[in-house]
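Below: one structure, written as structure tokens.
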Number of protein chains: 2
Amino acid sequence: MIIVSFLEKSLLYLCDMEKCETIKAPQLNDFKSLDSSMLQQLKDGSQFIFIPKGRMVFKEGQQLTKLYCLEDGACKFSKMDTAGHEHILKLLGKGELLGKRSLISHQGAKVSARTLKDSRFWAMDRGVIQKAINENPKFCKQLLFALTDDLNQSEHSRVLFSSSKGIRQRLASLLLYLNDKFGINTDGELALQLKREDMAAILGTSPEYIINILKEFKSQNLISTSKTRIKIISTAALEKRFS
Amino acid sequence: MIIVSFLEKSLLYLCDMEKCETIKAPQLNDFKSLDSSMLQQLKDGSQFIFIPKGRMVFKEGQQLTKLYCLEDGACKFSKMDTAGHEHILKLLGKGELLGKRSLISHQGAKVSARTLKDSRFWAMDRGVIQKAINENPKFCKQLLFALTDDLNQSEHSRVLFSSSKGIRQRLASLLLYLNDKFGINTDGELALQLKREDMAAILGTSPEYIINILKEFKSQNLISTSKTRIKIISTAALEKRFS
DNA sequence: CCAAAAAGCTGACAATTATCATATTCTGTT
DNA sequence: AACAGAATATGATAATTGTCAGCTTTTTGG
């Protein structure tokens, strides 16, 4: 039954695709300064993939054969610790790349990637990418920039969400981060709805405690919730109290 | 007086240098697979620098004009959070590079670097490095590998030292990590002596609490201390109890 | 729309961690 | 060897966080 549902979504997606593809090209944030002929080459050697919410894109340790560009949707990178707990290291949005490191260094993936929304990818073959690395200095340099940026972001979020700040403050930082990176929907709610469990896996605590603090935030009129969605009432108030 | 001391050490170092340099070439772990002509080019366009323990090499935000290779000694990378607390992101040992990102992307440094021991660097000029990036595909690819590795390490230590594990376990992980990466001296004590404050800044807690747990470890015969140095009595016992 | 499964919530109690002021030891410099 | 300043140690108290079992709501698939 999961398969039927998967197929349905895929078919819906395929119907849309023809319209979509002509309307807007894949974004490839990380390669935005590449010249168009290079972009075209990458585009030619790639195919679209649809993966519904909650599915694994690839798993820690797996040898990748594709470089993925997230055309639309959202994903998480995570690692398991020795005790079997998940640690979410990065949230990915439109235009971001998945699999860079594995293709650069021929190692298995160091993180697992899972979709947080229904997502569309542009999957580029290993061969195309490796040819580009070896033959096109500009591409290689773009990759350098992309990795530099990855490291910067990784360290930034490490400080942002690290302990030594109390979970209240870290959760406030996370809500503001979600607001900045993924924006809000038409009702003003955070566009990326994370499970309490995922928030806990980002901040290094338990889902129950996240829930307790969210309740506190609600009672302080910093946020409101409807069903399981969260709306920030005032980003300024959140920032002020917890930054 | 600090200056006198600095000069003395520098002079001592200069006296040693002639002997040293002919004996062993800088290690450049990150570039180890480069051909020797490339290594020679890098070496020609560089100079030795001595920086005593506890000094800043560069500061968050600073525009760098050198790529540093740590010939001997040890350093830390850290960032300040909005509350002014230090977060140590990485410990660096022999052969590691400092300043890669700043030279790749012309941005200010994203971290501060400070020596944890008297240290010798090989400082390569920005011009030499940028020429190498642009003209030598092999060098560019080596940098890709180095950055990939940085990211891998960053994520690994993020999981290793993250909350969700209790500080007892994180501190045990840290001691084992220090043992692996920096080894022990002739008395069997950890070769890199970190201040309790630095341990706290790695694990995201307070120096006092670190001290309390070290006392606990001592009473459990997992470690012993003499003066302020730490000796792991049995790595196996530490691993067993806290992994 | 229904049933089942998943996710969210509750609150009290236990465990962990932060903090403080103070005391001791260590380090580098004369 | 002695000094000053830094780093380390102490321990009790307060605050934060983890945990549990059971409950309610929401989502999912059909």
Side-chain angles (χ1 to χ4, degrees), chain A residues 1-9 12 52-55 83 85-86 114-118 161-172 189-190 193-201 203-219 223-230 242, chain B residues 1-9 12 52-55 83 85-86 116-118 161-172 189-190 193-201 203-219 223-230 242:
Chain A
M1 336 161 181
I2 294 172
I3 294 171
V4 171
S5 152
F6 172 81
L7 282 179
E8 275 174 15
K9 285 183 179 173
L12 277 174
K53 178 177 177 178
R55 305 283 270 243
H85 295 129
E86 182 189 15
R114 190 181 284 275
T115 50
L116 295 168
K117 286 182 165 186
D118 291 348
F161 304 138
S162 114
S163 48
S164 94
K165 279 178 49 184
I167 294 188
R168 232 162 301 271
Q169 289 163 54
R170 285 186 264 161
L171 182 53
E189 300 159 339
L190 293 176
Q193 294 169 45
L194 285 180
K195 286 190 289 190
R196 308 301 180 248
E197 196 183 345
D198 282 335
M199 296 186 186
L203 301 183
T205 183
S206 65
E208 295 98 320
Y209 198 47
I210 294 282
I211 288 165
N212 276 326
I213 298 176
L214 285 177
K215 187 169 66 163
E216 219 178 292
F217 283 2
K218 270 192 274 188
S219 77
I223 63 170
S224 63
T225 60
S226 87
K227 311 261 174 179
T228 159
R229 271 154 270 141
I230 293 172
F242 299 108
Chain B
M1 339 164 175
I2 295 171
I3 293 172
V4 172
S5 152
F6 172 83
L7 282 179
E8 276 174 13
K9 285 185 179 170
L12 277 173
K53 178 176 176 177
R55 305 283 270 244
H85 294 128
E86 181 189 16
L116 295 168
K117 285 182 166 184
D118 290 349
F161 303 138
S162 115
S163 49
S164 95
K165 280 178 51 184
I167 293 188
R168 232 162 301 271
Q169 289 163 54
R170 285 186 263 162
L171 181 54
E189 300 157 339
L190 292 177
Q193 295 169 44
L194 285 180
K195 286 190 290 190
R196 309 299 180 247
E197 196 184 345
D198 282 336
M199 297 186 187
L203 301 183
T205 183
S206 65
E208 294 99 320
Y209 197 48
I210 293 281
I211 288 165
N212 276 326
I213 299 176
L214 285 176
K215 187 170 67 164
E216 218 179 291
F217 283 1
K218 270 191 273 189
S219 78
I223 63 170
S224 64
T225 60
S226 87
K227 312 261 176 181
T228 157
R229 272 154 272 140
I230 293 171
F242 298 108

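Just so we're on the same page: letters track the sequence lines, and every chain starts at 1.
Spacing between atom CG of A:Leu171 and atom P of D:dG18 amounts to 12 Å, rounded to whole angstrom units. The CD1 atom of A:Ile210 sits 16 Å away from the P atom of C:dA7 (whole-angstrom rounding). In this structure, A:Leu214 atom CG and C:dC9 atom C1' are separated by 11 Å, rounded to whole Å. Rounded to an integer number of Å, the gap from A:Gln193 CD to D:dT25 C1' is 15 Å. A straight line from NZ of B:Lys227 to P of C:dT27 spans 6 Å, rounded to a whole angstrom. For the pair B:Glu216 CD and D:dA9 C1', the computed distance is 15 Å after rounding to whole Å. In this structure, CG of B:Asp118 is placed 13 Å from C1' of C:dG28, rounded to the nearest angstrom. In this structure, the CD1 atom of A:Ile211 is 14 Å from the P atom of D:dT19, given to the nearest Å.
Nearest nucleotide to the B:Lys218 side chain, out of D:dA9, C:dT10, D:dT28: D:dA9. Out of C:dG8, D:dG18, D:dT10, the shortest distance to the side chain of A:Arg196 is found at C:dG8.
Where A:Gly204 and B:Glu197 meet DNA chain D, the nucleotide closest to each residue was compared, and B:Glu197 sits on the side nearer the 5' end. If A:Arg229 and A:Gly166 are placed on DNA chain D by their nearest nucleotide, the residue sitting closer to the 5' end is A:Gly166.
Taking side-chain N and O atoms only, B:Lys215 has a distance below 4.0 Å to OP1 or OP2 of D:dG11. Between B:Lys195 and D:dA7 there is a side-chain polar atom (N or O) within less than 4.0 angstrom of OP1 or OP2. An OP1 or OP2 oxygen of C:dT27 is reached within less than 4.0 angstrom by no side-chain nitrogen or oxygen of B:Thr228. One finds a side-chain N or O of A:Arg168 lying less than 4.0 angstrom from the OP1 or OP2 phosphate oxygen of D:dT17. OP1 or OP2 of D:dT17 lies within a sub-4.0 Å distance of a side-chain N or O belonging to A:Tyr209.
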Next on the checklist: Could you walk me through whether B:Thr205 and B:Arg170 satisfy the side chain to side chain contact (heavy atoms under 4.5 Å, CB included) test, starting with their C-alpha distance in whole Å, then the side-chain angles of each, then the deciding distance to 0.1 Å, before giving a yes or no?
Outcome noted: CA-CA 11 Å; B:Thr205 183; B:Arg170 285 186 263 162; 5.7 Å; no
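Here the closest heavy-atom approach between residue B:Lys53 and residue B:Asp118 is recorded as N-OD1, 2.8 Å.
Across all strands, A:Ser206 comes closer than 4.0 Å to base atoms (heavy-atom distances). Using a 4.0 Å heavy-atom cutoff across all strands shown, B:Ile167 reaches sugar-phosphate atoms only and no base atom.
Contact annotation: the side chain of A:Phe217 never approaches that of A:Ile230 to less than 4.5 Å [non-hydrogen atoms, C-beta and beyond]. Looking only at side-chain heavy atoms (C-beta outward), B:Thr225 and B:Leu214 stay at 4.5 Å or farther from each other. Within the 4.5 Å cutoff, no side-chain heavy atoms of A:Ile210 are placed close to those of A:Glu197.
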